[in-house]
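So the structure is just underneath, and the comments pick up after that.
Hydrogens, waters and symmetry mates are skipped; everything else that's a heavy atom, side chains included, is used.
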There are 2 protein chains.
Amino acid sequence: MKVTIYDVAKKAGVSISTVSRVINNTGRISEKTKKKVLEVIETLQYQPSVVASALTGKRTRTIGLIIPDVANPFFAEIARSVEDRGRELGFNLLMCNTDNNPDTEEMYLSLLKQKSVDGIIIGTTTKNYTIIKDLLQERFPIALIAQDIPELTIDVVCVDDFLGGYMATSHLVSLGHKKIAIMLGSMNHTSEKFRFQAYRQVLEENGIEYDEKLVLYTDYSIENSRRAALEILQSPQRPSAIFAHFDSLAIGVYQAAKELGLNIPDDLSVIGFDNTILATIVDPPLTTIAQPIHEMGRQVMDLLVQEIEGNKKLKQRVILPPELIVRHSTKENARS
Amino acid sequence: MKVTIYDVAKKAGVSISTVSRVINNTGRISEKTKKKVLEVIETLQYQPSVVASALTGKRTRTIGLIIPDVANPFFAEIARSVEDRGRELGFNLLMCNTDNNPDTEEMYLSLLKQKSVDGIIIGTTTKNYTIIKDLLQERFPIALIAQDIPELTIDVVCVDDFLGGYMATSHLVSLGHKKIAIMLGSMNHTSEKFRFQAYRQVLEENGIEYDEKLVLYTDYSIENSRRAALEILQSPQRPSAIFAHFDSLAIGVYQAAKELGLNIPDDLSVIGFDNTILATIVDPPLTTIAQPIHEMGRQVMDLLVQEIEGNKKLKQRVILPPELIVRHSTKENARS
DNA sequence: TTGAAAGCGCTAACAA
DNA sequence: TTGTTAGCGCTTTCAA
């Protein structure tokens, strides 16, 4: 049978509260009994049950992480960085993939509460505002990563998407590109809205007319971005550059370009967003806007844990700066 | 305050045991009271506490997943497939990244037990045999994925690594390659041992002399595989083909080849292993040995859950067949 | 078909 | 400094 606090108490010749005290390092205990208890714990290989202690109101030291899909390199890296910080702080991660399906998300939200997680980190482009509002209302620790819901007072850590979009578009414009297509995953994504706004603003600032034919919609799949790129690249308004909202979408553009015998960057400049591992291994290496993923993971975890420990009064938005990483997929516009 | 089973009982005018019964669908209850209780549960938004029920000996319906690194696409895909099956079966995943560090792994193993997970899936190249043996001894549900420990009687799901190595090497040999380098992550990995044995056997069967200078050791990083490839490709025994034990290592080979102005597949054939997303996005697309990742995730979860539910007497090894995916990184040996 | 009550392993008053 | 005891929210006999 599993060894419990009673076994330890009996063997050490003390009461269970004494054992509890030495485990949690609370109250005052004589060095002697403390040593004795520690010894017994050691020899009995006693491990306190988190379940039992959670039932008395203590933390489970477990946090739920809700993301669309870990198989997506961006979220895999997010998950990793969150977990790293969690480990440092003594928290485990319960991983939930939703594919951005609101029902799955709702299911998980409720399940995580049943499992008494101490807090939840959300990285999906959720539409379940109501549920989140309820959670917030009952002061359940919750934080957003890589996604913002401006209409909510909530802890969030994300990159400055407007600035990122601005950098990306400016980079292209500075290279002499005028026909710049922009490829979106979905307009529901707040981040994408900002990136798109920046795109438009840069065009305007540079006297380039906005052409909605150059706005490409896809889902988040490489396959669909390939298709969208294939189409626009064969159309009369063939762009000389494409700003893809995610590195993965840029990959689809690469594939389309290759199929059409177009050289990147000579015939077409491509810039991505995220700076995942994908950006470094494609050929040519992808110019992209880096999100400080590692830092983001660290910061959400910090924010959430502060919330959990209760030493935080105000919600805050942490907006981290993106960075333009110039590699070899962008070049001066040859047609200009 | 959180609504408990007592609140429901009181409001429904029944005892808590009755409520418990309708929740768990046990015992016989009159339709009438059942309906009444269900109603109250609904209006009160009651959600049973997993923590409390776990304390009485029921499952936590949580499983620990120990892997080296989710940021590695192979393990990300493994994690995803395991989670998918877990969701279907009503289990959540506690994600643990160890970087193959035995101490971290040991820490997690102990933590997971404290948290009363119902079982553990291990995907790391663990060296903690003793701990695993202990776990096995006390009949703790545990299963291995993508890795085998032949000396243990344990549930495992993995690909037929020998066959995979055989396919890879044969493919290269059939293309006329004689100087075939093999790139390993580490010889501690059981999978790699099998792949390596197969490599040697194919050479032997084809009368090709084994040259240990063609055995390249790296860690698992792209950077180091790049370096190793750079070296061998500039040495007198420059191979005409390289069998990389992981797709990621193949990427390093690509980078080295590019640096040296070598064309793949004209000047050098490269074959990988895993068939992760990486294989599809590099240029040229990578010929590789596919692991049936999705199926593997599904099967470990099934195995583990059977173990958990106790309707399984024998441990079993599920060895799934690999598949050769020929893309464009391998070609007939021009030098032959 | 239902209820009372013991107990799961632990924490935290409260007493001593 | 240490021990006793009452819960935490639930499941499960055992009785009724």
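Using a 4.0 Å heavy-atom distance criterion, B:Val14 is classed as a sugar-phosphate-only contact. Within the nucleic acid shown, A:Ser17 comes within 4.0 Å of at least one base atom, counting heavy atoms only. In this structure, A:Thr33 reaches the sugar-phosphate backbone alone: every heavy-atom distance under 4.0 Å involves primed, P, OP1 or OP2 atoms, never a base.
Rounded to whole Å, atom P of D:dG7 lies 14 Å from atom CD1 of B:Ile16. A straight line from NZ of B:Lys36 to C1' of C:dT2 spans 17 Å, rounded to a whole angstrom. For the pair A:Asn24 CG and C:dC10 C1', the computed distance is 9 Å after rounding to whole Å. Between the CD1 atom of B:Ile23 and the P atom of D:dT12 there is a distance of 12 Å, rounded to whole Å. With rounding to whole Å, B:Arg59 atom CZ is found 16 Å from D:dC10 atom C1'. Atom NZ in B:Lys58 sits about 11 Å away from atom P in D:dT13, given to the nearest Å. Rounded to a whole Å, the CZ atom of A:Arg21 is 10 Å from the P atom of C:dA12. B:Leu55 has its CG atom 4 Å from the C1' atom of C:dC8, to the nearest Å.
Counting distance only, with no hydrogens placed and no angle test, the side-chain atoms of A:Tyr6 and the base atoms of C:dC8 include no donor-acceptor pair under 3.5 Å. Between the side chain of B:Thr26 and the base of D:dT12 there is no donor-acceptor pair of N/O atoms closer than 3.5 Å. In terms of polar N and O atoms assigned as donor or acceptor, the side chain of B:Thr18 never comes within less than 3.5 Å of the base of C:dG3 in a complementary pairing. Taking 3.5 Å as the limit, the base of C:dA12 and the side chain of A:Ser20 contain no donor-acceptor pair of atoms between them.
Within the 4.5 Å cutoff, the side chain of A:Glu307 has heavy atoms near those of the A:Lys315 side chain. Contact of the A:Leu111 side chain with the B:Asn92 side chain is registered, since non-hydrogen atoms from C-beta on lie closer than 4.5 Å.
Under the 3.5 Å distance criterion, the side-chain polar atoms of A:Arg21 are left unmatched by any main-chain donor or acceptor of A:Gly27. Between the side chain of B:Gln114 and the backbone N or O of A:Ser49 there is no donor-acceptor pair closer than 3.5 Å. Side chain of A:Thr276 to main chain of A:Phe74: no donor-acceptor pair is present (N/O by atom type, distance under 3.5 Å, no hydrogens or angles). Distance alone, capped at 3.5 Å, is enough to place a donor-acceptor pair between the B:Arg59 side chain and the B:Ile308 backbone.
Picking from D:dT2, D:dG9, C:dC10 the nucleotide with the shortest atom distance to the side chain of A:Ala52 gives C:dC10. Here the nucleotide nearest the side chain of A:Thr56, chosen from C:dC10, D:dT11, D:dT4, is C:dC10.
One finds a salt bridge joining A:Arg87 and A:Glu83 here, because a Lys/Arg side-chain nitrogen approaches an Asp/Glu carboxylate oxygen to under 4.0 Å.
Listed pair A:Ser53 / C:dC10 fails the phosphate criterion, with no side-chain N or O lying under 4.0 Å from OP1 or OP2.
Within residues 41-49 of chain B, no residue approaches DNA chain C, by heavy-atom distance under 4.0 Å.
The shortest heavy-atom contact between B:Ser15 and B:Ala9 is C-CB, 3.7 Å.
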